[in-house]
Amino acid sequence: MNPLAVGVAAVAAFVASGAYYGALAARLARLSPAYAGERRSVATTAGFELVRNVVLALVIAGLAAGLGVTALGPALLLALALWVAFPAVLLTGSVFHERVPVALAGIHAGDWLLKVLIITLVVGIRA
């Protein structure tokens, strides 16, 4: 496992996710009161999200290393498999069981796809 790749992947996913949600802020505020009301401080949110992305990058790097993923094709397949197996399954469950709006779940699914792709490509190719 390449610690530098893990750090780069976590930061890249953090930046991409922030831009993604920033671009969709108005839509999110219409879909959920959680995005329309008072927010936590930028520093608290950034710290929390960075930690989450580091954990995600560490787990994906471990999986990529264990599976011998070191090229673009296998990295893309791993990213897609991880996205389908976890965020997509969890988010469809929230739509079905908790009546989360499909559009809101779709926004989150897009963010997760972006994060998983970025992290898997960085740690998989730089392993």
Side-chain angles (χ1 to χ4, degrees):
M1 184 181 316
N2 181 334
L4 179 59
V6 169
V8 168
V11 170
F14 168 77
V15 170
S17 183
Y20 178 84
Y21 278 115
L24 295 170
R27 178 88 170 123
L28 285 164
R30 286 191 303 274
L31 290 168
S32 172
Y35 294 94
E38 187 176 323
R39 298 181 188 223
R40 291 180 174 87
S41 75
V42 172
T44 299
T45 301
F48 184 78
E49 291 302 322
L50 274 171
V51 168
R52 288 178 33 154
N53 282 293
V54 167
V55 169
L56 183 61
L58 283 167
V59 170
I60 292 174
L63 287 170
L67 294 169
V69 173
T70 58
L72 179 63
L76 287 171
L77 287 174
L78 177 59
L80 184 60
L82 290 172
W83 179 77
V84 168
F86 298 104
V89 168
L90 290 168
L91 289 165
T92 55
S94 70
V95 168
F96 183 80
H97 294 291
E98 299 169 9
R99 295 184 174 92
V100 169
V102 172
L104 182 59
I107 289 170
H108 294 317
D111 172 58
W112 272 102
L113 181 59
L114 182 67
K115 280 194 268 209
V116 171
L117 277 170
I118 289 169
I119 291 171
T120 307
L121 289 173
V122 171
V123 301
I125 294 171
R126 303 293 294 162

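This structure is a prediction, so every number in the text was calculated from the model and none was measured.
- For the side-chain contact (heavy atoms from CB on, under 4.5 Å) with Trp112, the qualifying choice from Leu56, Ile107, Leu82 is Leu56, the only one to do so.
- The side-chain hydrogen bond (donor to acceptor under 3.5 Å, both in side chains) analysis of residues 8-17, with sequence neighbours excluded, yields the pairs Ser17-Asp111.
- Shown here are the side-chain contact (heavy atoms from CB on, under 4.5 Å) partners of Leu113, two or more places apart in sequence or in another chain: Trp83, Leu117.
- Taking hydrophobic clusters as Ile, Leu, Val, Met, Phe, Trp and Tyr residues chained together by side-chain heavy-atom distances below 4.5 Å, Ile119 shares a cluster with Leu67.
- The hydrophobic side chain of Val42 is isolated, with no ILVMFWY side chain under 4.5 Å apart from it.
- Applying the salt bridge (charged side-chain N to carboxylate O under 4.0 Å, His left out) test to every pair with at least one member in residues 56-80, sequence neighbours left out, gives no pairs at all.
- In the hydrophobic cluster analysis, where Ile, Leu, Val, Met, Phe, Trp and Tyr join through side-chain heavy atoms closer than 4.5 angstrom, Val123 is grouped apart from Val11.
- Contacts of Arg52 classified as salt bridge (Lys or Arg N to Asp or Glu O under 4.0 Å), with partners at least two apart in sequence or in another chain: Glu49.
- One hydrophobic cluster, built from ILVMFWY side chains closer than 4.5 Å, cannot hold both Val51 and Val15; they sit in different ones.
- With hydrophobic clusters built from ILVMFWY side chains whose heavy atoms lie under 4.5 angstrom apart, Val84 shares a cluster with Val69.
- Ring geometry for Tyr35 against Tyr21 counts as parallel: the plane angle stays under 30°, on a 0 to 90° scale with 60° as the upper cut.
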What donor-acceptor contacts under 3.5 angstrom involve side-chain atoms of residues 89-97, with partners at least two apart or in another chain?
{"unit_1": "Thr92", "atom_1": "OG1", "unit_2": "Ala88", "atom_2": "O", "d": "3.0"}
{"unit_1": "Thr92", "atom_1": "OG1", "unit_2": "Val89", "atom_2": "O", "d": "3.0"}
{"unit_1": "Ser94", "atom_1": "OG", "unit_2": "Leu91", "atom_2": "O", "d": "2.7"}

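- Listed by first and then second residue, the salt bridge (charged side-chain N to carboxylate O under 4.0 Å, His left out) pairs that reach into residues 4-23 come to none, sequence neighbours excluded.
- In terms of the side-chain contact (heavy atoms from CB on, under 4.5 Å) criterion, residue partners of Ala103 (sequence neighbours excluded) are, by chain and number, Arg27, Leu31.
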Please output the side-chain donor-acceptor pairs of residues 57-66 that fall under 3.5 Å, not counting sequence neighbours, one pair per line with the distance.
none

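- Val122 approaches Ala5 most closely through the heavy-atom pair CG1-O, 3.5 Å.
- Applying the ring-ring contact (aromatic ring centres under 6.0 Å, His included) criterion to Phe14, with sequence neighbours excluded, gives no partner residue.
- Between atom NE2 of residue His108 and atom CG of residue Leu24 there is a gap of 10.5 Å, rounded to the nearest 0.5 Å.
- Applying the salt bridge (charged side-chain N to carboxylate O under 4.0 Å, His left out) definition to pairs two or more places apart or across chains, none involves residues 66-92.
- Grouping Ile, Leu, Val, Met, Phe, Trp and Tyr by side-chain contacts under 4.5 Å, direct or through others, leaves Phe48 on its own.
- No chain of hydrophobic side-chain contacts below 4.5 Å, direct or via other Ile, Leu, Val, Met, Phe, Trp or Tyr residues, connects Leu50 to Tyr20.
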